[in-house]
Asker: 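Handing you this structure, nothing more for now.
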Amino acid sequence: MSKEHDPGFETICMHLADDREAHFGAAAPPIYQNSTFTFPDSASFHARQDSESTRYDYTRTSNPTTRILERKIATLEKAEDCRAFGSGMGAITAAVLSCVSAGDHIVTIDTVYGPTRKLFSELLPRYGIETTFVRGTSIEQFEEAIRPNTRLLFVESPSSIFFDLQDLPAVATLARDRKIVTICDNSNATPVFQNPIAMGIDLVVHTATKYIGGHSDVVAGLVVGDRERIESIGRVESQLLGATCDPFAAWLMLRGIRTLPIRMERHRRSGLEVARFLATDMRVARTFYPGLDLHPQHGLAKRQMRGQSGLFSFELRQNTQAATFAVVDALRYFSIGVSWGGYESLAVPLLAVDPASRKDVWVIRLSVGLETVEDLKADLYQALNRIE
Ligand SMILES: *Cc1c(COP(=O)(O)O)cnc(C)c1O
């Protein structure tokens, strides 16, 4: 093998940063479940914050188990560095606060994840930071919303509930020319299907609670970007806001990452099959899944993504609460619950503002899990048979 050959995605998941010899050859790394690290003498204690120092000192700052996770994710996202957090919202809040000060302005999308929306619409105004929400399906919408004091474009592609896409290279170019920072929530696509940083986006944020953890047993978040930005977020927002990733949570994510590529391939295949099945059912009005040929943004999806996850929504022709609840309540394999991205299938009935019509519509959001896909299709079919 030539020296220039970069390891593939799966190989990075299995091997990168797993220094087994440093841990008695253990195939799975140990969990460094300690708050503090001790030093042999005063001189090394005082040298611990030198730029060359590789010593750990305190787990709110960094931890060896967490560091393995951060190095793997940085490489998978084609970035220089990564910082792990105690939740996706911890990661998003730290990343956003690293970009703005009082008097600044943010542009984001209408369909951004609900709590992220609340950060922009309720918390940041208290500190003198204003946000404009745009649909985000054309670059002109961002351009028109930009003001002289705009410091951040925050995107989420595909977005929550309606799975709108934003043209990431166009967003990156628009922002870079105006010295505006860009952040993309890449939780839905994961680094398996999309790398926003390779398209010019400055920072990527993830809730690792979803696909990266993958087993519905951990809450965690990640921020990925260049060395300088991540170092600064680590020193300031992460240290001071303190949304630290617990080493056990980091270890569970490392376990999740070993199967991330094969899980995502199955979520992709089953999601596509279920979406195609729903799109042809007479009782379904719309299927919000960018992987379908008839989706208005299918071309953009093919340009900037390598596939779609198992997360999407659909809307019944009979758009009432009663019909929507009847279908969801009749499901046997899809449990009712928030979150997504785990091994198990989930469904949630949601009343949400359709970004196209600006009207409230009932949708059913599915997280297609790893069960036998025929069972999932049969389950949806028998549930749809409850209505006209
Ligand atoms: C769940 C979610 C988050 C927040 O992650 P937590 O780990 O729950 O804090 C952020 N973005 C998206 C798109 C999500 O679905």
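Order of listing sets the numbers, starting from 1, for every ligand and every atom in it.
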Asker: Look at atom 11 (N) of ligand 1 and find which of D185, V112, T207 reaches it with the closest heavy atom.
Answerer: D185

Asker: Please work out whether the ring planes of H215 and Y343 are parallel, tilted or perpendicular, with thresholds of 30° and 60°.
Answerer: tilted

Asker: Would a single hydrophobic cluster contain both L165 and I201, if residues Ile, Leu, Val, Met, Phe, Trp and Tyr are joined by side-chain heavy-atom contacts under 4.5 Å?
Answerer: no

Asker: Looking at ligand 1, would S339 count as a contact under a 4.0 Å heavy-atom criterion?
Answerer: no

Asker: Can you tell if the side chain of Q304 reaches within under 4.5 Å of the side chain of D167, non-hydrogen atoms only?
Answerer: yes

Asker: Could you list the atoms of ligand 1 found under 4.0 angstrom from a heavy atom of A220?
Answerer: 7 (O)

Asker: Find all atoms of ligand 1 within a distance of less than 4.0 Å from any non-hydrogen atom belonging to I92, and give their numbers and elements.
Answerer: 10 (C)

Asker: Let me see the working for Y32 and Y56 under ring pair (Phe, Tyr, Trp, His ring centres under 6.0 Å), right down to the final yes or no.
Answerer: CA-CA 11 Å; Y32 282 88; Y56 295 93; 7.8 Å; no

Asker: Give the numbers and elements of all ligand 1 atoms closer than 4.0 Å to a heavy atom of E156.
Answerer: 13 (C)

Asker: Looking at ligand 1, is there an atom of it that comes within less than 4.0 Å of some heavy atom belonging to T116?
Answerer: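 Checking ligand 1 against T116, which is what was asked, there is no heavy-atom contact under 4.0 Å.
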
Asker: For atom 6 (P) of ligand 1, find the nearest protein heavy atom and state the residue, atom name and distance (0.1 Å precision).
Answerer: G88 N, 3.3 Å

Asker: Looking only at protein heavy atoms, which one is nearest to atom 1 (C) of ligand 1, and what is the separation?
Answerer: K210 NZ, 1.5 Å

Asker: Quick one: does NZ or CZ of R117 land under 6.0 Å from the six-membered ring centre of F133, within 45 degrees of the ring axis?
Answerer: yes

Asker: Between R258 and D18, does any side-chain N to carboxylate O distance fall below 4.0 Å?
Answerer: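 Here R258 does not pair with D18 in a salt bridge, since their nearest N and O are not under 4.0 Å apart.
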
Asker: Which heavy atom of the protein is the closest neighbour of atom 4 (C) of ligand 1, given with residue, atom name and distance?
Answerer: Y113 CE2, 3.4 Å

Asker: Please determine whether a side-chain nitrogen of the Lys or Arg among D104 and R147 lies less than 4.0 Å from a carboxylate oxygen of the Asp or Glu.
Answerer: no

Asker: Can a side-chain donor-acceptor contact be found between S335 and E344 if the only test is distance below 3.5 angstrom?
Answerer: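 Checked: E344/S335 side chains show no N/O donor-acceptor pair below 3.5 Å.
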
Asker: Please report whether ligand 1 has a polar contact with M89, defined as an N or O pair separated by less than 3.5 Å (distance criterion only).
Answerer: yes

Asker: Any idea which protein heavy atom is nearest atom 7 (O) of ligand 1, and the distance to it?
Answerer: T209 OG1, 2.6 Å

